Every structure is written in structure tokens, then in C-alpha cells.
Colleague: 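Before anything else, here's the structure in question.
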Amino acid sequence: MKVLVPVKRVVDYNVKVRPKVDGSGPEVNNLKMSINPFCEIAVEEAIRLKEKGLVEEIIAVTIGPQQAQEQLRTALALGVDRAILVLTDILVEPLAVAKCLKELCCRETPDLVILGKQAIDGDNNQTGQMLGALMRYPQGTFASELTIEGNRATVQREVDGGLQTVSLRLPAIVTSDLRLNEPRYASLPNIMKAKRKPLATLTPEELGVDVSLRTQLLNVKLPPERKAGVVVNDVKDLVHKLKNECKVI
Ligand code: AMP
């Protein structure tokens, strides 16, 4: 079985991103970049399936700039077998990503594509679903448990107020939720070994995909700052303030 894992390069989740002074977008220059956390979970799940003997090959792919090689090398150090960089300096939208992934699915014919449920930069939560539609593959999104048996995947999904279990015929799309697993760290010997693993580079043009933007970012600004709270002396004081100052009761 072959697994394709799309991973996205994003600003590290520990970094507080600020808008550019002119509000034309987020300021991302010189910030620490990492693999999107949900993609790390997707990589970990693919590796666990390989460790169980269910998967022979894991391919990581990213659509992004030259520097995204760093994130692919990290994925290779974690246990991915080979990587593909689809090189573009455009901050591609989910539909363009899904179209590139569709072309790669046609070339690589994976049995399973495991994506993150969302990228923490755009919070789109669209790519897996769009790829499912383009490939006409069944999909199990927001997965908190995945089991493979024969040519079927059973996915436990996190839905509002509970869990839903679906059975999918392979090839299929799975998107990882937070509780699917806890990703491992790459060991130093594996980081060294990863330097020798294959990393191919393609362009969207070679895949026949137009990645030009279809939406225009108009403005980015921080949410208004919250006013400081006040400490009330007792319930009487609280009721007084709610009635006379906040006018909510
Ligand atoms: P999104 O739909 O943008 O929230 O992203 C959901 C998932 O799609 C991510 O967790 C990745 O697995 C995948 N994805 C999104 N953008 C890219 C990209 N540029 N390169 C590779 N995978 C991506």
C-alpha cells in the first residue's frame, strides 16, 4: 500500500503573527517556519501504518517555495520514504493545491491520502474535501482513529457532540484531527539519513495546473483589544454593575 501525505509549510504555531504595517497581509518574513501541526499528525499516522506492516511507501508532498524543502526533509527524517516539492512562490489557494495533488494522485496512484484537517495559517479546511471531489475518492474528515483492513479504511470522525464511524473503500482521503495521535520527534541519526532520501522537484506547469490566485486579500488586522476586567466585591456589587453600567439585566 502506498500513502501520499501532503504537508504544508506554515509559521510555527508558537509564533505570534502580526499584520504588515499597511495591513496588506500577515508579516511572515524572518519568522520560524514549521510543518503545519495537523500535517505532522498525518505524517505520524502514515508512519504508524508502515510500522504495522500495512504500508510499503510513504510520499510527502508540498506545494510551496524552495525553502519548503526544509519541511520535506523533516518529514523524511520522521520516516517518510521520498518527497516531492511542487515549486511555486505563490501562496497557493486550496483549489490549486487540490488540483496539483490530483495530478500527483494520477501519477503515483496512492491507496490512501492523509492530509491535515486544516492548515493553521489560512484555517481553510478545504483541501482534503476538494481533492476527494476531484478524484471522486471517498473521504473521512476530522479523523481521530484510523484502521485499515483489506481494501477498506475505517475512520472514526470527530463531529459536533460526538463521534461518527465511517467505512471507506480504498483509495480514499483521510484528514487528521488533533486526537488521531501524538507525533514523534526526529532522532539525530534519522535527520542525517534524511539528507540522502530522494526529494524530487516539479512545477505546477509540469503538472498542467494554473495556480494563479482567484481571490484577493483586501486587508488583515488584529482583533480589537479586550478591555481589562474589574473585580467585584460581592454579588450585590455585581448585580449593580450589570444593571447600571453594562445594562444587560
Ligand atoms: P487547508 O485546506 O488549507 O486548511 O489545508 C488542509 C490540508 O491540506 C493541510 O493540512 C495539508 O495536508 C494540505 N495542504 C494545504 N496546503 C498545502 C500545500 N501548499 N502543500 C501541501 N499540502 C497542503
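The model shown is predicted, which means the values in this text are computed figures rather than measured ones. Order of listing sets the numbers, starting from 1, for every ligand and every atom in it.
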Colleague: So do the side chains of V3 and P110 get within less than 4.5 Å of each other, counting heavy atoms only?
Modeller: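 Answer no - side chains too far apart.
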Colleague: Under 4.0 Å between a side-chain nitrogen and a carboxylate oxygen: does that hold for K50 and D81?
Modeller: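 Yes, this pair counts.
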Colleague: What's the shortest distance from atom 8 (O) of ligand 1 to any protein heavy atom, and which residue and atom give it?
Modeller: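 Protein heavy atom with the smallest distance to atom 8 (O) of ligand 1: T127 CB, 3.3 Å.
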Colleague: So which heavy atom in the protein is nearest atom 18 (C) of ligand 1, and how far is it from that ligand atom?
Modeller: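 Closest protein heavy atom to atom 18 (C) of ligand 1: I63 O, 3.7 Å.
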Colleague: Out of all atoms in ligand 1, which are within 4.0 Å of some heavy atom of L115? Include the element for each.
Modeller: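 Matching atoms, with element in brackets: 8 (O), 12 (O), 13 (C).
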Colleague: Determine, considering heavy atoms only, which of V97, L4, N125, D123 sits nearest to atom 23 (C) of ligand 1.
Modeller: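 Shortest heavy-atom distance from atom 23 (C) of ligand 1: V97.
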Colleague: Charged N to carboxylate O below 4.0 Å: is that the case for E56 and K2?
Modeller: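 No, this pair does not count.
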Colleague: At less than 4.0 angstrom from any non-hydrogen atom of V61, what atoms of ligand 1 do you find?
Modeller: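 Under 4.0 Å from V61, ligand 1 has these atoms: 21 (C).
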Colleague: Which one of K247, K241, H240 satisfies the side chain to side chain donor-acceptor pair (under 3.5 Å) criterion with N244?
Modeller: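 Of K247, K241, H240, side chain to side chain donor-acceptor pair (under 3.5 Å) with N244 is met by H240 alone.
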Colleague: Looking at ligand 1, does C39 have a heavy atom less than 4.0 Å from it?
Modeller: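 Checking ligand 1 against C39, which is what was asked, there is a heavy-atom contact under 4.0 Å.
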Colleague: Any atoms of ligand 1 less than 4.0 Å from a non-hydrogen atom of Q126? List them with their elements.
Modeller: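 In order of numbering, the contacting atoms are 2 (O).
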Colleague: Can you list the steps and then say if K99 with E103 is a salt bridge (Lys or Arg N to Asp or Glu O under 4.0 Å)?
Modeller: CA-CA 6 Å; K99 285 181 181 172; E103 294 307 317; over 6 Å; no
Colleague: Can you list the atoms of ligand 1 that are under 4.0 Å from a heavy atom of V7?
Modeller: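 Checking each atom against V7, I get 20 (N), 21 (C), 22 (N).
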